[in-house]
Amino acid sequence: MIITLKDGSKKEYGQSMSVYQIALDISEGLARAACAGEVDGEVVDLRTVVDKDCSLNILTANDEKGLAALRHTASHVLAEAVKNLYPQAKLAIGPSIDTGFYYDFDHESFTREELDALEKEMKKIIKKGAKIERYTLPREEAIRFMEEKDEPYKVELIKDLPEDAEISFYSQGDFVDLCAGPHLMSTKGVKAFKLISSSGAYWRGDEKNKMLSRIYGTAFAKKEELNAYLEQLEEAKKRDHNKLGREMELFTTVDVIGQGLPLMMPKGVIMIKELQRWIEDLEDNEWGYIRTKTPLMAKSDLYKISGHWDHYKDGMFVLGNEEKDKEVFALRPMTCPFQYYVYKASQHSYRELPLRYGETSTLFRNEDSGEMHGLTRVRQFTISEGHLIVRPDQMVEEFKNCLALAKYCLETLGLQEDVTYHLSKWDPENKEKYIGEPEVWNETEQDIRDILIELDVPFVEDVGEAAFYGPKVDINAKNVYGKEDTMITIQWDALLAEQFDMYYIDENGDKKRPCIIHRTSIGCYERTLAWLIEKYAGLFPTWLCPEQVRVLPISEKYADYAEKVHAQLKANGIRASVDNRSEKIGYKIREARLAKVPYMLVVGAKEEEEQVVSVRSRYLGDEGQKPLDQFIDAICKEIRTKEIRKIEVDAEGKKN
């Protein structure tokens, strides 16, 4: 057989060889570093036997898929450590993930001290260097094996596998786990690891199931890589919007109000209000949108027409019982069917289209409790929602415009470098999840694909991520911990106009169906605020800052002048305050920096005499004395243009 390697070179063998044996034949160093193989594009275990011509890539920890195998092995080492220290714990699942690995256990929650003890136990296991071996068992024998080990979650997993599935196990010494692999050849391959945290997780992600204890960890091939990641993680914790947003008094949550129902504090409201005013003015004045205001709830009849009742009911808050109540209502999870009836309230000519309806919509979605986090995943949120009713011949151009608007918003906020574009498609293997015929789906997906290619937008394609009524472009971003969320969506809908009997009169006087674009320009305001907190670590562009200027009188003698300066700032629409406390000026400056105020105006005898202010900023540090009018003109321009200034001083005000 002829093996074609990654560099194009070829190796010829007269007998079958495992991936590991081929790596060893190439070089001992490669075999030591090998984590998995990739045969004809498919990731396989190192023990996989190659018996025919193929292309082969030996994966190391420098490859994403190779690192995943190393981390998967680390999760098994963790599972063995847990069983050693807590024999009564039951094993659930332990996959690798983008940031490392986790393992779920049926056991009470783990403290930091217990995680430290588990790390020590893992080091003992790794030091022994047990050989990792793979074997398979017939279904009934595999079930009996796990029943004898009293591992009910593993038994359930085996029973749920397809009848023809190969049921494989991996052993490392006396420890055995049900697993599809791939894994390293020995536990010694786990060189550098750390257990990060423990949290609760429902079995199989279903809140109807038992809550298990999940341990998160990470692993790398080198200690230096681990240390770099841990430093990055510490920085992420500092930027975590859930922590920083509370410290800055932007939002809070209260148990008696409920999970996923954040309270926006006054400072947070200022930021949301700035974003909302900007988006509404932008859409209405520059992009041709007209504003609607629709109810927060509707009868189930509306959602049955749209299809949400059949396809999305579990994600809705339903008010009433269909079996008992004459009318059943539900809080709206979207605005589209409401805006359709705004359109249907009068007859429209082809000349009127496109009609671009915009609404600042408060929506409600019954998210699983395990999914909710800070402001990124909540049960009530507000969105820059819009629906464009267009003629089919206008669809491509309007879709491009929606992408352009989203891109403009990202650039204005300084977030354009942090996103990825996804073409979210239907899953033809699960047609029952969708409405419409395959031809419509294939055609509309191709239309979006062509648009993205024409605009030179790099994108990936995600099967099964479309809404039930149409494909879409999802613009995604990761939080500081690497979890990805959708920030902005633009969706192609060629189906719902039929369901709602929407039409326009064409040039011949005939009724024709319009097409619809569902889109957001900035997405969910709460999620965007979370994104901004983490992006800027709370050091927002001046136009978004809840407090833009703080006036600092050197002593009480200059309080009147400080108030005069304050009044002029407010008269020009600048959000400002005066620190009149009887504290030293150095203390006041430090306090203003901690509050992340972009500008401080220090005033004393000289400033009052010359009618100037001494400017300190987080951008340049001490900027010296300036006439107040000059400072006001400069900051007003900065706010008006939404400028993102480069920060050139550290937290102590020193030049970087």
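The shown structure was predicted, so the numbers you read here are calculated from the model rather than taken from an experiment.
Checked against a 6.0 Å centroid threshold, the rings of Tyr216 and Tyr102 count as neighbours. A centroid separation of less than 6.0 Å is found between the aromatic rings of Phe105 and Tyr103. If you look at Tyr229 and Phe220, their ring centroids are closer than 6.0 Å.
Remark: Lys123 pairs with no residue by the salt bridge (Lys or Arg N to Asp or Glu O under 4.0 Å) rule, at least two apart or across chains. Listed by chain and number, the residues in a salt bridge (Lys or Arg N to Asp or Glu O under 4.0 Å) with Lys128 amount to none (sequence neighbours excluded). Under the rule for a salt bridge (Lys or Arg N to Asp or Glu O under 4.0 Å), the partners of Arg134 that lie at least two apart in sequence or sit in another chain are Glu166. By the side chain to side chain donor-acceptor pair (under 3.5 Å) test, Asp98 is found to be paired with no residue, residues two or more places apart in sequence or in another chain being considered. Partners of Tyr170 by ring-ring contact (aromatic ring centres under 6.0 Å, His included), not counting sequence neighbours, listed by chain and number: His183. Under the rule for a salt bridge (Lys or Arg N to Asp or Glu O under 4.0 Å), Arg144 has no partner lying at least two apart in sequence or in another chain.
With a 4.5 Å cut-off on side-chain heavy atoms, Phe381 and Arg365 count as touching. You'll find the side chain of Thr489 stays beyond 4.5 Å of the side chain of Ile475, heavy atoms only. Contact of the Leu56 side chain with the Lys6 side chain is not registered, since no non-hydrogen atoms from C-beta on lie closer than 4.5 Å. Looking at Ile93 and Trp203, their side chains come closer than 4.5 Å, going by heavy atoms from C-beta outward. The shortest side-chain heavy-atom distance between His241 and His373 falls under the 4.5 Å cut-off. When side chains are defined from C-beta on, Leu67 does not count as touching Cys35, because their heavy atoms never get closer than 4.5 Å. Asn84 places none of its side-chain heavy atoms less than 4.5 Å from the side chain of Met122. Between Lys596 and Met248 there is a side-chain heavy-atom pair separated by less than 4.5 Å.
Judged by distance alone, with hydrogens and angles left aside, the side-chain atoms of Asp63 form no donor-acceptor pair with the main-chain N or O of Lys65 at under 3.5 Å. Counting only distance, with no hydrogens or angles, the side chain of Ser171 and the backbone of Gly173 share no donor-acceptor pair below 3.5 Å. Remark: side-chain polar atoms of Arg527 are paired, donor with acceptor, to backbone N or O of Thr486 under 3.5 angstrom. Between the side chain of Ser186 and the main chain of Lys188, a donor-acceptor pair closer than 3.5 Å is present. Checked by atom type and distance alone, the side chain of Thr528 pairs as donor or acceptor with a backbone atom of Ile522 at under 3.5 Å. With hydrogens and angles disregarded, no donor-acceptor distance shorter than 3.5 Å links the side chain of Glu465 to the backbone of Asp462. A donor-acceptor pair is defined here as one N or O able to donate and one able to accept, closer than 3.5 Å; such a pair exists between the side chain of Glu526 and the backbone of Thr382. Between the side chain of Ser424 and the main chain of Pro471, no donor-acceptor pair closer than 3.5 Å is present. With Arg593 contributing its side chain and Pro598 its backbone, the two residues share no donor-acceptor pair below 3.5 Å. Under the 3.5 Å distance criterion, the side-chain polar atoms of Asp240 are matched with a main-chain donor or acceptor of Asn242.
Between Arg377 and Glu367, at least one side-chain nitrogen of the basic residue sits less than 4.0 Å from a carboxylate oxygen of the acidic one, meeting the salt-bridge criterion. With respect to the salt-bridge test (charged N to carboxylate O, under 4.0 angstrom), the residues Lys83 and Glu151 qualify. Taking a cutoff of 4.0 Å between a charged side-chain nitrogen and a carboxylate oxygen, Asp116 and Arg112 qualify as a salt bridge. With respect to the salt-bridge test (charged N to carboxylate O, under 4.0 angstrom), the residues Asp177 and Lys154 qualify. Salt bridge Asp418/Lys535: present, at least one basic N to carboxylate O contact under 4.0 Å. A salt bridge links Arg204 to Glu156: one of the charged nitrogens lies within less than 4.0 Å of a carboxylate oxygen. A salt bridge does not link Asp427 to Lys425: none of the charged side-chain nitrogens sits closer than 4.0 Å to a carboxylate oxygen. Contact check on Arg47 versus Asp45 returns a salt bridge, with a Lys/Arg side-chain nitrogen under 4.0 Å from an Asp/Glu carboxylate oxygen.
No more than 12 heavy atoms of other residues, nucleotides or ligands lie within 6.0 Å of NZ in Lys222, so this atom counts as exposed by the packing criterion. The neighbour count for Asp255 CG, taken as heavy atoms of other residues, nucleotides or ligands under 6.0 Å away, does not exceed 12. The neighbour count for Gln88 CD, taken as heavy atoms of other residues, nucleotides or ligands under 6.0 Å away, is above 12. No more than 12 heavy atoms of other residues, nucleotides or ligands sit less than 6.0 Å from atom CD of Glu28.
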**Request:** Please assess Phe317 against Phe364 for the test ring pair (Phe, Tyr, Trp, His ring centres under 6.0 Å), listing each intermediate value before the final yes or no.
**Result:** CA-CA 7 Å; Phe317 288 101; Phe364 306 85; 7.1 Å; no
**Request:** Determine, stepwise, if the pair Thr520 / Ser384 fulfils side-chain hydrogen bond (donor to acceptor under 3.5 Å, both in side chains).
**Result:** CA-CA 5 Å; Thr520 59; Ser384 60; 4.9 Å; no
**Request:** Would you sort out whether Asn476 and Thr420 count as a side-chain hydrogen bond (donor to acceptor under 3.5 Å, both in side chains), showing the intermediate values?
**Result:** CA-CA 5 Å; Asn476 294 358; Thr420 54; 5.1 Å; no
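When all heavy atoms of Trp426 and Ala466 are compared, the closest pair comes out as N-CB, 3.6 Å. When every heavy atom of Leu85 is checked against every heavy atom of Leu118, the shortest pair comes out as CD1-CD2, 3.7 Å. Val473 approaches Tyr421 most closely through the heavy-atom pair CG1-CD2, 4.1 Å. Of all non-hydrogen atoms in Leu184 and Ala34, the two that sit nearest each other are CD2-O, 4.3 Å.
Aromatic ring orientation, His107 versus Phe110: parallel (interplanar angle below 30°, classes split at 30° and 60°).
Side chain to side chain, Ser198 and Ser109 fail the donor-acceptor criterion of an N or O pair below 3.5 Å.
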